Visitor: 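My questions will all concern the structure given below.
Predicted model only: the values in this text are computed from it and were never measured.
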2 protein chains.
Amino acid sequence: MSDVASLAGVSKMTVSRVLAGRSASESTRARVQRAIDELGYVADAAAGALSSGRSSFVAVLVPSMSSSNFSDTVSGLTAVLEPQGLELLIGDTDYSLEREERLVRQMLRHQPRCIALTGAQHTEATRTLLARSGVPVVEMWDQPAHPIDMSVGFSNVSAAREMVRYLAGKGHRRIGFIGGASELDWRGLDRLKGYQMEMKALGLGEPRVVRLGDSPITMSHGAPAMTELLERWPDTEAVMCVSDLSAFGAIMECQRRGIAVPGKIAVAGFGNFEIAACCHPTITTVSVDAYGIGRRAGDALLAALADEEGESATHTRRTVKTRIHYGVVERESA
Amino acid sequence: MSDVASLAGVSKMTVSRVLAGRSASESTRARVQRAIDELGYVADAAAGALSSGRSSFVAVLVPSMSSSNFSDTVSGLTAVLEPQGLELLIGDTDYSLEREERLVRQMLRHQPRCIALTGAQHTEATRTLLARSGVPVVEMWDQPAHPIDMSVGFSNVSAAREMVRYLAGKGHRRIGFIGGASELDWRGLDRLKGYQMEMKALGLGEPRVVRLGDSPITMSHGAPAMTELLERWPDTEAVMCVSDLSAFGAIMECQRRGIAVPGKIAVAGFGNFEIAACCHPTITTVSVDAYGIGRRAGDALLAALADEEGESATHTRRTVKTRIHYGVVERESA
DNA sequence: TTGAAAGCGGTACCAT
DNA sequence: ATGGTACCGCTTTCAA
């Protein structure tokens, strides 16, 4: 920056101001810009952050980037935060709370302006870390009973119950559930819980649950899960799957066996992934606006940042909960 | 850090050393660690980077994080780089070279140790920026004629040609191609080029190309593309699609119309996505090790970093090209 | 093994 | 509108 300053015949401060787009006469600005271009100068973000005490990072943690759900959410966050000059520091927790903790600790070293997490489950250490950091936090994809700070999501339990009611409304009584076997996918577990609760509430008899494969289960687990379900409960009339991906796999298995969907058995998914709308038959599902969750979370963070600016320097925990709407989308499969 | 130091009764330097895991007596180390825990101290990465002149960032640019292709590649990079204490700064170019340039410029501000880009196409400004930065660069998913530095990928042209040969080997002659309409997906364009070249080379008559939808096209574009193809060239015997996603959409459309795949028309994809193995019929495709591309790219970067350490401080461009293997996977659809 | 001082490259603050 | 100076929090370097 000194080089640029001397080449332009001004002080470092002026260069800094031009870069920040603050007060500067046109001629000065032009000269500085010319010097910058000539030298190929790129300002050092670390120095800036250190000096000003504020970085331009937003830490974002999702369980998996390969799930379209979460990559859509990240897109939403990007759409809102990037225009504000913020940069996303994206981490993939791989559905592990320990890994989440490790990543939070690491990202905190970069003094992020705010943090977006997925889910309501975190280790005690993570909570402590976050509390001490004092930055705005938003938890996405769930409705925590006791949010760390803000939340943007919906109740996976309620959404699953709604799907059971939908299937029951179609006249089905012997309804099964297909989900993953691990205990790490909290949203999947909530959907299972919702299924069980509503089955009981409606008096639909014993739950028929097949849990198979590491969560989150994906397309390839749908087929064996459907196979198992049909073996254990051959008279099953409908199945709800923890996600559209497993529903798709289940439906493909039915096609292979010549079992008509929904004629012989109805299959429903969850999430309204792209595949649900364009496979054959199309999949009845619960639509969730994953991109919208990202946008809303971004908005919430920006709002927190804004009134942090206004009031004291420290953010006061506010417990703002944003509820995301969802709904059953009726298609061909159920 | 001063607080930690005084609480532990040592100097800042000792704290710094303990954090870096360097020489320190056991008792000192323990005391410092206790102080750190007590205060919930988290070292400031920006200050460290500024002072040491080296960050722990690796800049990674992919066209889209929602494509499983690229998210797998990012996973591969993570697997290799994270254990080395490096952190990925992930950017999504959205298939735009201008956006890539903007992101490169922004990421360069963080003084990344090295950079992974996707593809061989970049703006002139991006190349200049990269050259001036002097950090190791790896281009992924392609085999650039003139790599910026290193490359890890394969020829999409050759891979597409191989698929045409495979289809021709199955006795098909009237072979069509389904791809995206935009000019931004270079890998998709290369596959189209390969298709055209091999059709000509084998004397299979005029190419039958349907280009539809913003690249990269996805499942939902497969159906209308197949519809158009069948309208324009009803006697088509086989179709190769730019990716498994569009192949899937095309196959679903056939099912809807009662057209047997591969009986009446053979459909091949590209990429060996998960869906290709578990839909019905399963999709014949070209398998590419997306995760492996990430790992290899990570290895290449680490190697460059290592001998940068050894020799002079500046990295000498080396033009190391790593070729990734691919191959036709025969399944049911073609 | 440990400590003191300098300085990394910017920005805040105050003065001009 | 512009410049001077201190300082952000850490690591490097050198000395003890």
Side-chain angles (χ1 to χ4, degrees), chain A residues 1-33 35-36 39-57 85 87 105-113 132-134 309 313, chain B residues 1-33 35-36 39-57 85 87 105-113 132-134 309 313:
Chain A
M1 183 178 258
S2 299
D3 297 350
V4 174
S6 58
L7 180 58
V10 296
S11 74
K12 268 172 45 177
M13 262 326 295
T14 302
V15 176
S16 173
R17 288 199 186 93
V18 169
L19 253 52
R22 283 206 288 268
S23 60
S25 73
E26 256 325 306
S27 64
T28 318
R29 179 183 305 282
R31 260 182 310 137
V32 171
Q33 191 54 57
I36 287 174
L39 295 173
Y41 168 73
V42 176
D44 183 328
L50 177 59
S51 175
S52 66
R54 52 165 44 192
S55 78
S56 59
F57 285 125
E87 298 174 78
R105 197 185 302 277
Q106 195 172 76
M107 289 183 170
L108 244 21
R109 292 175 30 100
H110 294 288
Q111 318 273 71
R113 294 283 288 283
R132 282 210 258 232
S133 77
E309 198 112 358
Chain B
M1 184 178 256
S2 298
D3 297 349
V4 173
S6 58
L7 180 58
V10 296
S11 73
K12 268 172 44 179
M13 260 329 294
T14 303
V15 176
S16 172
R17 288 198 187 95
V18 169
L19 253 51
R22 283 205 291 267
S23 60
S25 71
E26 255 327 304
S27 64
T28 317
R29 176 183 307 281
R31 259 182 311 136
V32 171
Q33 190 55 56
I36 287 175
L39 296 173
Y41 169 73
V42 177
D44 183 328
L50 176 60
S51 176
S52 68
R54 52 163 45 191
S55 78
S56 59
F57 285 126
E87 297 173 78
R105 196 185 304 275
Q106 194 173 77
M107 288 184 172
L108 245 21
R109 292 174 31 99
H110 295 288
Q111 317 272 72
R113 295 283 288 283
R132 281 211 259 231
S133 78
E309 197 111 357

Visitor: Using a 4.0 Å heavy-atom cut-off, does G48(B) contact any base of the nucleic acid, only the sugar-phosphate backbone, or nothing at all?
Guide: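 Sugar-phosphate contact only.
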
Visitor: Select one nucleotide: of dC10(D), dG3(C), dG3(D), the one nearest the side-chain heavy atoms of S51(B).
Guide: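 My answer, after comparing the listed nucleotides, is dC10(D).
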
Visitor: Kindly give the heavy-atom pair with the smallest separation between V42(B) and R105(A), and that separation in Å.
Guide: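 Reported closest heavy-atom pair: CG1-O, 4.2 Å.
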
Visitor: Consider the side chain of A47(B), meaning its heavy atoms from C-beta on, and name the nucleotide among dG9(D), dT11(C), dT11(D) that approaches it most closely.
Guide: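 For the A47(B) side chain, the nearest candidate turns out to be dG9(D).
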
Visitor: Both R31(B) and V15(A) contact DNA chain C. Taking the nearest nucleotide for each, which residue is further toward the 5' end?
Guide: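 In this pair, the answer is R31(B).
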
Visitor: The side chain of T14(A) is closest to which nucleotide in this list: dA12(C), dC8(C), dG3(D)?
Guide: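 Closest of the options to the side chain of T14(A): dG3(D).
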
Visitor: Side chain of M13(B) only, please: which of dA12(C), dG9(C), dA5(C) is the nearest?
Guide: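 In terms of side-chain proximity for M13(B), the closest of dA12(C), dG9(C), dA5(C) is dA5(C).
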
Visitor: Can you tell me if the side-chain N/O atoms of R29(A) get under 4.0 Å from OP1 or OP2 in dT2(D)?
Guide: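 No, outside the criterion.
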
Visitor: Base, sugar-phosphate alone, or nothing: which one does T28(A) contact when heavy atoms must sit under 4.0 Å apart?
Guide: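 It contacts sugar-phosphate atoms only.
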
Visitor: Got a donor-acceptor pair under 3.5 Å from the side chain of R17(B) to the base of dG3(C)?
Guide: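 When only heavy-atom distances are counted, R17(B) does reach the base of dG3(C) through a donor-acceptor pair under 3.5 Å.
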
Visitor: If only atom types and distance count, is the side chain of R22(A) paired as donor or acceptor with the main-chain N or O of R17(A) below 3.5 Å?
Guide: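 Answer holds: no.
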
Visitor: Have a look at A43(B) and say if it touches a base, only the backbone sugar-phosphate, or nothing, with a 4.0 Å heavy-atom cut-off.
Guide: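 Sugar-phosphate only.
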
Visitor: Parallel, tilted or perpendicular for F57(A) and H110(A), by the 30°/60° rule?
Guide: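 F57(A) vs H110(A) ring planes: perpendicular.
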
Visitor: If you compare every side-chain N and O of S11(A) against the phosphate oxygens of dG4(D) (OP1, OP2), does one of them come in below 4.0 Å?
Guide: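 No, no such contact exists.
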
Visitor: Looking at dG3(D), dT2(C), dG10(C), which one has an atom nearest to any side-chain atom of V10(A)?
Guide: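 Looking only at heavy atoms from C-beta outward on V10(A), the closest nucleotide is dG3(D).
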
Visitor: Quick check for you: among dC8(C), dC13(C), dC10(D), whose closest atom lies nearest to any side-chain atom of D44(B)?
Guide: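 Nearest nucleotide to the side chain: dC10(D).
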
Visitor: May I ask you to verify if any side-chain N or O of S25(B) is less than 4.0 angstrom from the OP1 or OP2 atom of dT2(C)?
Guide: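 Checking dT2(C) against S25(B), a side-chain N or O does come within under 4.0 Å of OP1 or OP2.
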
Visitor: So, does the side chain of K12(A) form a donor-acceptor pair with the base of dG9(C) at under 3.5 Å?
Guide: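 Such a pair does not exist between side chain and base.
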
